[in-house]
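Heads up: the structure comes next, in C-alpha cells.
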Amino acid sequence: MILAAAMNPDAFSGAQDAIARMRRGDPDALAAMISRYQHRLYRYLLRLVREPAAADDLFQQTWLRVMEKIGRYDARRNFESWLFSVAHNLAIDAWRGKRGESLDHGADAGDSSEPACERLRAGDPDALERLLDFERGAMLAACMHELPAIHREVLTLRFEEEMKLEEIAEVAGIPLSTVKSRLKRALEGLRAAMEARLPGGPRT
C-alpha cells in the first residue's frame with residue numbers, strides 16, 4: 001500500500017499541494033494531512049511510548065508543532081522523514097527527566113564500533129520476514145513491546161513504515177552506522193524474545 005502510494009504521481013502531487021496550502025494556513029489542508037498520516041504516526045508514537053494516552057497527546061502535539069514550523073519547512077526534504085523527526089523529538093522531550101527508560105539512550109553501547117552490523121543488508125527485510133513467518137503477529141507485537149524504545153523505533157520505521165536507513169537516521173538524528181547497529185541489535189533482541197516464548201524456551 002505504501003509502495004503503491006509512492007509510485008502514484010497523483011498521490012505525491014496531492015501531498016505537495018496540501019503542504020503548500022498548509023504553509024498558507026489552510027485548515028482543510030491540515031485536516032487532509034492528518035487524515036493521511038494519522039494511523040501511521042500514531043502507531044509509531046505508540047510503539048515508542050507504549051501508552052495510548054501519551055501517544056495520543058504526542059500525536060496532537062506533533063501536528064501543532066508541524067503548523068508552527070511549516071513555514072520554515074524545506075520542500076526539498078522528504079516530508080515524511082521531517083514529520084516523524086518532529087514526533088521523535090517531542091517524544092524525547094516528553095520522556096526527558098523521567099526515571100527509567102529513555103528514548104534516546106540505552107542499549108547502544110558499542111553500536112558504532114561493531115563491524116558485524118555492516119553485514120546487515122539495508123534493502124532486504126528478510127530477517128524480519130523470517131520472524132514473522134514462524135510466529136503470529138500477536139506474539140511479535142508482545143515481543144516488540146518488551147524491547148528498548150530505540151529498538152522499537154528502528155524496527156517500526158524500517159519494517160512498518162518501510163523507510164530507508166538514511167531516512168531513519170534523519171528521523172532519529174543519529175549516524176547511519178548507528179541505525180545499522182541498532183537494527184541488528186533490535187532484530188537479535190526480537191528473535192531472542194520470540195524464541196523465549198516458544199515451547200521449550202530459548203533454542204541453543
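W82 and Y73 have tilted rings, their planes meeting at an angle from 30° to 60° on a 0 to 90° scale.
Side-chain contact between L83 and W63: present, with at least one pair of heavy atoms (C-beta onward) separated by less than 4.5 Å. At a threshold of 4.5 Å between non-hydrogen side-chain atoms, the residues I168 and V171 do not count as touching. Here the side chains of R182 and I174 are in contact, with some heavy-atom distance below 4.5 Å. Between E80 and R40 there is a side-chain heavy-atom pair separated by less than 4.5 Å.
Between the CZ atom in R23 and the CD1 atom in I19 there is a gap of 9.0 Å [rounded to 0.5 Å]. Note that CD1 of I150 is 9.0 Å distant from OG of S181, once rounded to the nearest 0.5 Å. Note that CZ of R158 and CG of L155 are 10.5 Å apart. Values are rounded to the nearest 0.5 Å. With rounding to the nearest 0.5 Å, the separation of CG in N78 from NZ in K164 is 9.0 Å. Here the CD atom belonging to E188 is positioned 9.0 Å from the NE2 atom belonging to H151, to the nearest 0.5 angstrom. Here the CD1-CG distance, from I92 to L58, works out to 11.0 Å after rounding to the nearest 0.5 Å.
Test E161, E160, E153 against R47 for salt bridge (Lys or Arg N to Asp or Glu O under 4.0 Å) and you get one pass: E160.
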The test is side-chain contact (heavy atoms from CB on, under 4.5 Å); show your working for M22 and V66 and say whether it passes. CA-CA 9 Å; M22 283 172 61; V66 163; 3.7 Å; yes

Taking it one step at a time, do R50 and L46 satisfy side-chain contact (heavy atoms from CB on, under 4.5 Å)? CA-CA 5 Å; R50 298 185 294 191; L46 187 60; 5.8 Å; no

Worked verdict on M163 versus F84 for side-chain contact (heavy atoms from CB on, under 4.5 Å): CA-CA 11 Å; M163 286 189 179; F84 278 79; 3.7 Å; yes

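For the side-chain hydrogen bond (donor to acceptor under 3.5 Å, both in side chains) test, no residue two or more places apart in sequence or in another chain qualifies with R72. Applying the ring pair (Phe, Tyr, Trp, His ring centres under 6.0 Å) criterion to Y37, with sequence neighbours excluded, gives F79. The salt bridge (Lys or Arg N to Asp or Glu O under 4.0 Å) check on E166 picks up nothing, with sequence neighbours excluded. Residues that satisfy the salt bridge (Lys or Arg N to Asp or Glu O under 4.0 Å) test with E167, not counting sequence neighbours, are absent from this structure. In this view, D74 and R76 satisfy the side-chain hydrogen bond (donor to acceptor under 3.5 Å, both in side chains) rule, not counting sequence neighbours. Scored by the salt bridge (Lys or Arg N to Asp or Glu O under 4.0 Å) test, R65 finds E68 as partners (sequence neighbours excluded).
What you find for V154 and A186 is that their closest heavy atoms are CG1-CB, 3.9 Å. Closest of all the heavy-atom pairs between G189 and L147 is C-CD2, 3.8 Å. For S85 against E170, the heavy-atom pair with the smallest separation is CB-O, 4.0 Å. When all heavy atoms are compared, the tightest approach of L48 to A91 is CD1-CB, 4.0 Å.
Residues L90 and L64 fall into different hydrophobic clusters, defined by Ile, Leu, Val, Met, Phe, Trp and Tyr side chains chained together at heavy-atom separations under 4.5 Å.
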